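Contents: one structure, followed by commentary.
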Amino acid sequence: SSVRAVVILGTGDFSRALSTRLVANGYRVTMGSRRPERRNISARSPHLSGVRVLGQEDAVAESEVVFLGIPSTSVMETLLPIKASLRGKVLVDVSNPEVMTKGATVAELLRENFPECDVVKGFNTLSAYSLESGQSLGSMVVHLASDSSQATEKVAAVARDIGLQCVVRGGLNTTRALEDLPREAWGGWGVPLLVSFAVWLLWTIYGTWRYHIHKTHAAERWPVNTNNKIAGCAAITLLALCYLPGSIAAIVQLKNGSKHQAFPRCLDRWLKMRKQLGLMALASASLHCVLSLAHISPAYFKKWYDVRTISIPANQTSDMTFPIDSRMNWIGEVTVYLGSIALLLLCSQGVASLPSVTERLNWRRWWLLQSVVGHIGLLFAVTHVAAKVLPFIFSRPFSTSVQGMSFLSNLLPSFTLLLRICLLLPCLGIPLRKIRNGWERGVDDEEQGVVLDGVAKEEDEDGAVCRMEEI
Ligand SMILES: NC(=O)C1=CN([C@@H]2O[C@H](COP(=O)(O)OP(=O)(O)OC[C@H]3O[C@@H](n4cnc5c(N)ncnc54)[C@H](OP(=O)(O)O)[C@@H]3O)[C@@H](O)[C@H]2O)C=CC1
Ligand SMILES: [Fe+3]
């Protein structure tokens, strides 16, 4: 890069973090402060030993690139008095407004008031903490917006030098969106969290009613014993909600006879929530696993153990020792096994959903993990719950089974699984494949050039893009 010297106005958290990285990469950094004599920056950290602190006006003379590490509300009052010395500089606005403001952004105000400067907006999506601590991470991304491509390139070169990746986002009129980026605190999690909360609430109410009002379990069994059932039910419900929309999307495509029509809005939003729902299912399943481990014993899980009983003769006079071992019976063993595998597969989904892992999966592996492994996980989860219910379904009144949480919680997941199995049957699977290869009902087959048996397209499948709704 041509710029090996940088000026940063302000001596706060952001300025020091950026300086640390710049100095580490061989840059000469000059900070501009309102009170340079009182800011002994090099004494604050050994990493900042080469940094000089000058008055704001003196500092800006040291480089053509000036980062504005000062509060957004004081940018104008700081820069207007030194306007003359800023001529020809690249001003980098890193600010995030403290409060949402309407009208022009700081960057837009700068463009208006400093026509002889180039304004670049960016870096605001980073945190000072990650900037300072993430020396070894090369993958942090900065977003840049500017009306000048030369100015953008100068700032981008500095960013790349200190190990950041740049995304160039367009002109300064896009800065509002850039300022909104860090504000999207929920980042797609809002609705999935609400849905998960609703699922949990529903099962909490039902579980509490069932065991503590209907069945009169002692209240002290609520935190572990009852919550364990609630967590299990929530987990499998959320898992079903994660895989159901994919099948519904397939049915919509079959009905439309085309993949080129938009899905209904709510289905589209549901499809986009699958990752979050899957992760909430994983969280619930992990809790279910921990709680189960905490109290797995014949005292709580009678039906899973061969309970040994001992009889002591009434006229016993001397001491006797009775070895008692209660082993799990096959129902217990099978149920725990199926549940453990389900959790394991769910964990592999969770790992695959980490952005750093997802980015490295080609579409086919991603599809294998999310769809194939995912549905196998669902199958294990469903059989895990079924193993708790089925062995006893004939030995007690059907109405008792139906009221059980295991039975109820398994209805939606079983339906989801069944739907997926139906879609694999040739009568539905082959048309679906054709549709996903681009075939449309009502268009001349020869004109479409799509091979009708639905499998002949296999050879160019590796080049195809991943189809969201297939998962
Ligand atoms: N902290 C972070 O994680 C991030 C911050 N930002 C942005 O960077 C900018 C600076 O943030 P940050 O470093 O956290 O803030 P700080 O409050 O830690 O530092 C701001 C610095 O600006 C200087 N300053 C100049 N004029 C004023 C004024 N009127 N009132 C107060 N300070 C003034 C001060 O330095 P002196 O006293 O030496 O003049 C002060 O140290 C903000 O616009 C923020 O939105 C962007 C991304 C991340
Ligand atoms: Fe379970």
Side-chain angles (χ1 to χ4, degrees), residues 1-32 41 45 47-52 59-70 86 88-96 105-107 110-111 117-175 177-182 184 354-360:
S1 143
S2 54
V3 186
R4 296 300 293 180
V6 160
V7 171
I8 307 174
L9 294 188
T11 54
D13 297 331
F14 183 85
S15 306
R16 288 198 311 278
L18 183 63
S19 305
T20 306
R21 263 180 109 108
L22 286 166
V23 169
N25 289 279
Y27 273 82
R28 188 160 54 84
V29 178
T30 311
M31 280 184 174
I41 287 294
S45 152
H47 303 296
L48 295 173
S49 55
V51 175
R52 284 192 306 163
V60 295
E62 298 294 315
S63 170
E64 65 175 310
V65 175
V66 180
F67 283 85
L68 308 175
I70 48 186
L86 288 173
K89 306 279 178 195
V90 176
L91 302 179
V92 189
D93 167 27
V94 302
S95 66
N96 284 309
T105 59
V106 173
L110 285 171
R111 170 176 62 183
C117 298
D118 287 323
V119 179
V120 179
K121 169 89 196 184
F123 285 73
N124 61 309
T125 52
L126 298 179
S127 79
Y129 172 78
S130 63
L131 202 53
E132 194 166 20
S133 59
Q135 292 281 13
S136 57
L137 301 172
S139 58
M140 272 192 284
V141 176
V142 288
H143 299 257
L144 300 176
S146 173
D147 293 341
S148 155
S149 54
Q150 281 138 310
T152 308
E153 192 36 52
K154 278 177 199 161
V155 178
V158 175
R160 283 193 295 264
D161 275 353
I162 59 175
L164 305 174
Q165 282 176 31
C166 296
V167 176
V168 178
R169 291 177 64 101
L172 287 179
N173 49 357
T174 66
T175 49
L178 248 180
E179 287 182 354
D180 285 343
L181 270 183
E184 289 167 2
L354 292 170
S356 53
V357 178
T358 310
E359 280 163 17
R360 278 167 178 72

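Nothing fancy with the numbering, it's 1 onward along the sequence. All values reported here derive from a predicted model rather than from experimental measurement.
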About how many Å separate [atom2] of [Y] and [atom1] of [X], when rounded to the nearest 0.5 Å?
X	Y	atom1	atom2	result
D13	Y129	CG	OH	13.5 Å
S15	I41	OG	CD1	8.0 Å
L144	T152	CG	OG1	6.5 Å
S127	N96	OG	CG	11.0 Å
L68	L9	CG	CG	6.0 Å
M31	R52	CE	CZ	13.0 Å

Would a line drawn from the ring center of F14 to the ring center of F67 be shorter than 6.0 Å? no
Kindly state each residue pair satisfying salt bridge (Lys or Arg N to Asp or Glu O under 4.0 Å) with at least one member in residues 120-130, sequence neighbours excluded. D93-K121, K121-E179
Nearest heavy atoms of [X] and [Y], plus distance in Å:
X	Y	value
S19	L48	CB-CD2, 3.5 Å
V94	G69	CG2-CA, 4.2 Å
L126	V142	CD1-CG1, 3.5 Å
E132	A17	CB-CB, 3.9 Å
L172	A145	CD2-O, 3.6 Å

What do the steps show when you test E62 against R28 for side-chain contact (heavy atoms from CB on, under 4.5 Å), and what is the final call? CA-CA 9 Å; E62 298 294 315; R28 188 160 54 84; 3.4 Å; yes
Are side-chain heavy atoms of L131 and L164 found at a separation under 4.5 Å? yes
Applying the side-chain contact (heavy atoms from CB on, under 4.5 Å) criterion to S146, which one of V120, T175, T174 satisfies it? V120
Identified side-chain contact (heavy atoms from CB on, under 4.5 Å) partner of S63 from the options V7, V158, V90, I8: V7
Donor-acceptor pair, [X] side chain versus [Y] backbone, under 3.5 Å?
X	Y	value
R111	V119	no
R21	I162	yes
S148	A151	yes

Between C166 and R160, is the side-chain contact (heavy atoms from CB on, under 4.5 Å) condition met? List the steps. CA-CA 7 Å; C166 296; R160 283 193 295 264; 4.3 Å; yes
Carboxylate-amine/guanidinium contact D118 K154, below 4.0 Å: no
For a side-chain contact (heavy atoms from CB on, under 4.5 Å) check, start with the C-alpha distance between V65 and V92, then their side-chain angles and the critical distance, and finish with the verdict. CA-CA 7 Å; V65 175; V92 189; 4.0 Å; yes
